[in-house]
Amino acid sequence: MNRREFLMTSVAAGAMVLAAPSAFAEDKLTILGSVPNLGFPFFVHMLNEIKAEAQAQGVNLTESDGQNSATKQTADIEAALVQKVNAIVISPLDVNALAPAIEEAVKAGVPVVTIDRRVDGVQGILAHVGADNVKGGEAEASAMVAAFPNGAKLFHLQGQPGAGPAIDRNKGVHNVLDPLKDKYQIIFEQTANFARAEALSVTEAGLAANGKPDAIICANDDMALGALEACAARNFTDVKIYGFDALPEALVAVRDGKLAGTVEQFPGQQSRTAVQIAVAYAKNKTEPKEKLMLLTPIVIGKDNLDKAERLSETK
């Protein structure tokens, strides 16, 4: 499949706000759309796309913000099951912590489609729609290698431990760099939990202890923008910084030459496809053609900004 084709109990009641209060009073299907944390622009975009596709499909949507808490996201799933939603579309915070709740949904006969982030060890999930984050990490590292053919010293800011994308992107980066470690030395490597403020402080610590690197590879754009701020404070304007997610703010920074690149993984396309699969099954028991659908991420630089999904949102 190419990219164009792809292209309540009282306790639980406090855990989740219903997007459509009359959802269960109408003769319409209702799905749960759950993301890990609306404090991140990436997940705001993803939930907005879920909402838009639910509307296009003529189904009601119950929205869930996991608030960066596996306990909260689990409670939201349990509340949705009590209210007998017809399907669940979810980006799980943690590959392991969300497994019991998702397994409970599967056993209850509720179709589950995961997006962006997977869960481990659960049989019977209808489908997973995401990006191949290992290939994304490989592309990000390869872009850096191409920019420094004679070798480089670099920092590597990793994502949130336990999150599927963080695990896979880290693997991809190391797949490329480990065989080349004599030329490309990771002199500082630490998680910044996908957070901009934390990346700022982590990068400041790395710079203080190790001096200026040639490049910084980051597992998302928020961390790349935090690293950019730390470097700018020291007037290290020639450090090449790479992000991941192609957020509008990052695309502007790429356009302006402040970031060297960002990896596009097409989250809107992921979200809409996941809703389509969930609704088709909930309505007609239509099985997806593929249980695992992975888009291949690409690195966005100045020369191919037109390929970014959210370019129209840049100012």
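Excluded from the calculations below are hydrogen atoms, water molecules and symmetry mates; all remaining heavy atoms, backbone and side chain alike, are included.
Expressed to the nearest 0.5 Å, how far OG1 of Thr314 lies from CG of Leu305 amounts to 8.0 Å. Atoms CG and CG, on Asp65 and Asp76 in that order, are 8.0 Å from each other to the nearest 0.5 Å. Taken from CG in Asp222 to CG in Asn193, the straight-line distance is 12.0 Å, to the nearest 0.5 Å. Interatomic distance, CD of Gln270 versus CG of Asp116, reported as 5.5 Å (0.5 Å rounding). Going from atom CG of Leu38 over to atom CG of Asn68 covers 11.0 Å, rounded to the nearest 0.5 Å.
Looking at Asn220, its side chain does come within 3.5 Å of a backbone N or O of Phe194 through a donor-acceptor pair. For Asp214 (side chain) and Leu154 (main-chain N/O), no donor-acceptor pair under 3.5 Å exists by modelled atom type. At least one donor-acceptor pair closer than 3.5 Å links the side chain of Ser201 to the backbone N or O of Glu198. Gln190 places no side-chain N or O within donor-acceptor distance of the main-chain N or O of Ala199, the cut-off being under 3.5 Å. Checking side-chain atoms of Lys153 against main-chain N and O of Ile186 turns up no donor-acceptor pair under 3.5 Å. A donor-acceptor pair under 3.5 Å links the side-chain atoms of Asp132 to the main chain of Lys135, judged by distance alone. A donor-acceptor pair under 3.5 Å is absent between the side-chain atoms of Lys51 and the main chain of Glu63, judged by distance alone. Counting only distance, with no hydrogens or angles, the side chain of Arg169 and the backbone of Gly137 share no donor-acceptor pair below 3.5 Å.
Classification of Asp94 and Arg117 as a salt-bridged pair fails, no side-chain N sitting under 4.0 Å from a carboxylate O.
Residues satisfying the salt bridge (Lys or Arg N to Asp or Glu O under 4.0 Å) test with Glu138, not counting sequence neighbours, are none. For Asp120, the side chain to side chain donor-acceptor pair (under 3.5 Å) partners are Arg118, not counting sequence neighbours.
Of the N and O atoms on the side chains of His128 and Glu290, not one donor lies less than 3.5 Å from an acceptor on the other residue. Judged purely by distance below 3.5 Å, without hydrogens or angles, the side chains of Gln57 and Gln276 never pair a donor atom with an acceptor atom. Under 3.5 Å, the side chains of Gln158 and Asn170 contain a donor-acceptor pair of N or O atoms. Side chain to side chain, Thr262 and Asp221 meet the donor-acceptor criterion of an N or O pair below 3.5 Å. Counting only N and O atoms by type, the side chains of Gln73 and Ser34 include a donor and acceptor under 3.5 Å apart. Side chains of Asn37 and Gln67: no donor on one and acceptor on the other come within 3.5 Å.
For the pair Glu53 and Thr273, the minimum side-chain heavy-atom distance is 4.5 Å or more. Residues Ser91 and Phe43 have side chains in contact (heavy-atom distance under 4.5 Å, counting atoms from C-beta outward).
Between Ile102 and the choices Ile125, Val110, Thr74, the side chain to side chain contact (heavy atoms under 4.5 Å, CB included) rule is met once, by Ile125. Put simply, the residue from Arg196, Lys258, Arg310 that forms a salt bridge (Lys or Arg N to Asp or Glu O under 4.0 Å) with Glu249 is Arg196.
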(Q) Val113 vs Val129, test: side chain to side chain contact (heavy atoms under 4.5 Å, CB included). Steps then yes/no. (A) CA-CA 7 Å; Val113 181; Val129 184; 4.2 Å; yes
Q.
Under the criterion side chain to side chain contact (heavy atoms under 4.5 Å, CB included), I'd like the reasoning laid out for Val35 against Ser64: C-alpha separation, chi angles, the key distance, then a yes or no.
A. CA-CA 6 Å; Val35 296; Ser64 159; over 6 Å; no
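Linking Ile, Leu, Val, Met, Phe, Trp and Tyr whenever their side-chain heavy atoms come within less than 4.5 Å leaves Phe155 and Phe148 in two separate clusters.
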